[in-house]
Amino acid sequence: MLNITQIFCLLIFSVFFTGCLSAGQMDKKVYGKEIFIIDHHCTDIGKIPEKWIEKAKTEFNVTYGHTSHGSQIVSGMVMLKNKSQLYNFDRHELRNSLTLYDKRPNGDLGYPDRKEWARKTYHMLKEDTLGINIVMWSWCGQVSRASEGDIETYLHLMTELENLFPEVTFIYMTGHLDGTGEYGNLNLRNDQIREYCMKNKKVLYDFADIESFDPDGNYYLDRRARDNCEYFEWGKKRNWAEDWCNTNPGRCTQYPCAHTKSLNCDLKANAFWWMLARLAGWYPEK
């Protein structure tokens, strides 16, 4: 039997679409503006034609503010780059490389407080000489403790920046899992972010959703999944990343990745490149 969260997601997907499941020109017809929901459906990087990766590398200068949890995306990107120069990125505008200004500005969406990131973003873009056209910020653990009003503040500040800098794409993000499951405050606040992004046609990188599924699509949020890929089954603690790597020998590369398993970082890096390809104009096939 489906739980409440799963029913909600199915209803939403039946009305809208995700940035991964849409095909053809369908998403251009949703109220005249595209919605990009980057989630666990967006981690099969082999589906992305190389020309769209190359186009994204040419077109985008990305700035990404984060602390330790947000570094998971970059750790996965470094490993991916080491495997293939197709996914090359650098902090400088180099040929055949995505420009990614990592940790610029410093801090995250909740550190040192819940508003400083917006002030830093405003001044960075106001004085921009780098040609930044994508801005992304991550949370650390602050969504777990957030009130509905705190998230409203975040959404308001993001929208205000979008209005001030319409030529820049701003990436919304959910907070990482904390073991409180589908009915905990974290998921309620993440759903608040998701609902706003779908209603207002925003670009959402769903950090928590990627942590909720293994590469085969098995779901763990209803089993109190955490950011380190741990979950509970029949009262016993397990780890979906370890389980998947053990049953898929040779498909996992082990490397340091803050707070979590390297497979989780791989999936997040794949989803990041999927997002860039979509923003560059790629439409996935059905």
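Atom set for the values below is all heavy atoms of this structure, side chains included, hydrogens, waters and symmetry mates excluded. Because the structure is a prediction, the values reported are computed rather than measured.
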Residues forming a side chain to side chain donor-acceptor pair (under 3.5 Å) with Asn270, sequence neighbours excluded: none
Close side-chain approach of Asn264 to Gln72, heavy-atom, < 4.5 Å: yes
Pair Ser97-Asp90, side-chain donor/acceptor within less than 3.5 Å: no
Heavy-atom closest contact (Ala277 atom, Trp52 atom, distance): CB-CB, 4.0 Å
Check: Asn190 and Arg194 side chains under 4.5 Å, non-hydrogen atoms: yes
Check against side-chain contact (heavy atoms from CB on, under 4.5 Å), Leu177 and Leu221: CA-CA 8 Å; Leu177 298 187; Leu221 182 59; 3.8 Å; yes
Within one Ile-Leu-Val-Met-Phe-Trp-Tyr cluster: Val168 and Leu109, side-chain cutoff 4.5 Å: yes
Hydrophobic cluster identity match, Leu86 and Phe89, side-chain contacts under 4.5 Å: yes
Other residues, nucleotides, ligands: >12 heavy atoms within 6.0 Å of Arg223 CZ: yes
Shared-cluster residues of Phe232, by chain and number - hydrophobic side chains joined below 4.5 Å: none
Sub-4.5 Å side-chain heavy-atom contact between Gln142 and Tyr111: yes
4.5 Å side-chain heavy-atom contact, Glu233 and Tyr220: no
Listed partners of Ser84 passing side chain to side chain donor-acceptor pair (under 3.5 Å), at least two apart: none
Flag, side chain of Asp216 to backbone of Asn218, donor-acceptor distance under 3.5 Å: no
Shortest non-hydrogen separation from Ala56 to Leu98 and the atoms involved: O-CD1, 3.9 Å
Side chains of Ser147 and Asp150, donor plus acceptor under 3.5 Å: yes
Rounded distance (nearest 0.5 Å) linking atom NE2 of His66 with atom CG of Asp108: 10.0 Å
Spacing of CG belonging to Asp209 relative to CG belonging to Leu267, to within rounding of 0.5 Å: 11.0 Å
Axial cation check for Tyr283 ring with Arg278, 6.0 Å and 45° limits: yes
Transitive ILVMFWY side-chain link Leu188 to Tyr154, under 4.5 Å: no
Criterion side-chain contact (heavy atoms from CB on, under 4.5 Å) on Ser262 and Thr253, from CA distance to verdict: CA-CA 7 Å; Ser262 54; Thr253 302; 5.7 Å; no
Under 3.5 Å, which donor-acceptor pairs link side chains of residues 131-139 to any protein atom two or more places apart or in another chain?
{"unit_1": "Asn133", "atom_1": "OD1", "unit_2": "Asn61", "atom_2": "N", "d": "2.8"}
{"unit_1": "Asn133", "atom_1": "ND2", "unit_2": "Glu59", "atom_2": "O", "d": "2.8"}
{"unit_1": "Trp137", "atom_1": "NE1", "unit_2": "Thr121", "atom_2": "OG1", "d": "2.8"}
{"unit_1": "Trp139", "atom_1": "NE1", "unit_2": "Met173", "atom_2": "O", "d": "3.0"}

ILVMFWY cluster, Val78 and Ile45 together (side-chain gap under 4.5 Å): yes
Ser71 to Ala258 - nearest heavy-atom pair and separation: OG-CB, 3.7 Å
Asp206 side chain to His40 side chain, donor-acceptor N/O pair below 3.5 angstrom: no
Under-4.0 Å salt bridge between Arg119 and Glu116: yes
Arg238 and Glu230, any side-chain heavy atoms less than 4.5 Å apart: no
Phe272 CZ to Tyr87 OH distance, which is reported to the nearest 0.5 Å: 13.5 Å
For Glu162, all residues meeting side chain to side chain contact (heavy atoms under 4.5 Å, CB included), sequence neighbours excluded: Thr159, Phe170, Tyr172, Lys202
Trace of the side-chain contact (heavy atoms from CB on, under 4.5 Å) decision for Ile73 with Tyr64: CA-CA 10 Å; Ile73 297 174; Tyr64 179 31; 3.5 Å; yes
Tyr122 side chain near Leu161 side chain, heavy-atom distance below 4.5 Å: yes
Shortest non-hydrogen separation from Thr43 to Asp39 and the atoms involved: CG2-O, 4.1 Å
Approximate separation, where rounding is to 0.5 Å, of Leu186 CG and Asp178 CG: 4.5 Å
Test side-chain contact (heavy atoms from CB on, under 4.5 Å) applied to Tyr205 and Ile210, step by step: CA-CA 9 Å; Tyr205 184 97; Ile210 296 169; 3.7 Å; yes
Hydrophobic cluster of Trp234, others only, ordered by chain and residue number, side-chain cut-off 4.5 Å: none
Side chains of Asp243 and Tyr231, donor plus acceptor under 3.5 Å: yes
Gap between atom CD1 of Ile48 and atom CH2 of Trp282 - 0.5 Å precision: 5.0 Å
Heavy-atom pair with the smallest gap, counting every atom of Thr260 and Cys265: CG2-SG, 3.7 Å
Whether Trp117 side chain and Arg114 backbone form a donor-acceptor pair below 3.5 Å: yes
Sequence-distant partners of Asn106, side chain to side chain contact (heavy atoms under 4.5 Å, CB included), two or more places apart: Lys120
Plane angle bin for His259 and His69 - parallel if under 30°, tilted between 30 and 60°, otherwise perpendicular: parallel
Thr174 side-chain N/O to Ala208 backbone N/O, donor-acceptor pair under 3.5 Å: yes
Side chain to side chain contact (heavy atoms under 4.5 Å, CB included) partners for Glu167, two or more places apart: Phe165
Residues which pass salt bridge (Lys or Arg N to Asp or Glu O under 4.0 Å) with Asp44, listed by chain and number, not counting sequence neighbours: none
Pairs satisfying salt bridge (Lys or Arg N to Asp or Glu O under 4.0 Å), at least one member in residues 247-276, at least two apart: Glu211-Lys268, Glu242-Lys261
Interatomic spacing from CD1 in Ile151 to CG in Asp191 - rounded to 0.5 Å: 11.5 Å
Smallest separation among heavy atoms of Asn187 and Glu182, with atom names: ND2-O, 2.9 Å
Disulfide (SG to SG under 2.5 Å) contacts in which one or both residues fall within residues 208-246, not counting sequence neighbours: Cys245-Cys252
Side-chain touch Asp227/Phe207, heavy atoms, less than 4.5 angstrom: no
Side chain proximity check, Tyr196 to Leu204, heavy atoms < 4.5 angstrom: no
Thr58: partners by side chain to side chain donor-acceptor pair (under 3.5 Å), with sequence neighbours left out: none
Connected via hydrophobic side-chain network under 4.5 Å: Tyr255 and Leu80: no
Glu54 bridged to Lys57 by N-O distance under 4.0 Å: yes
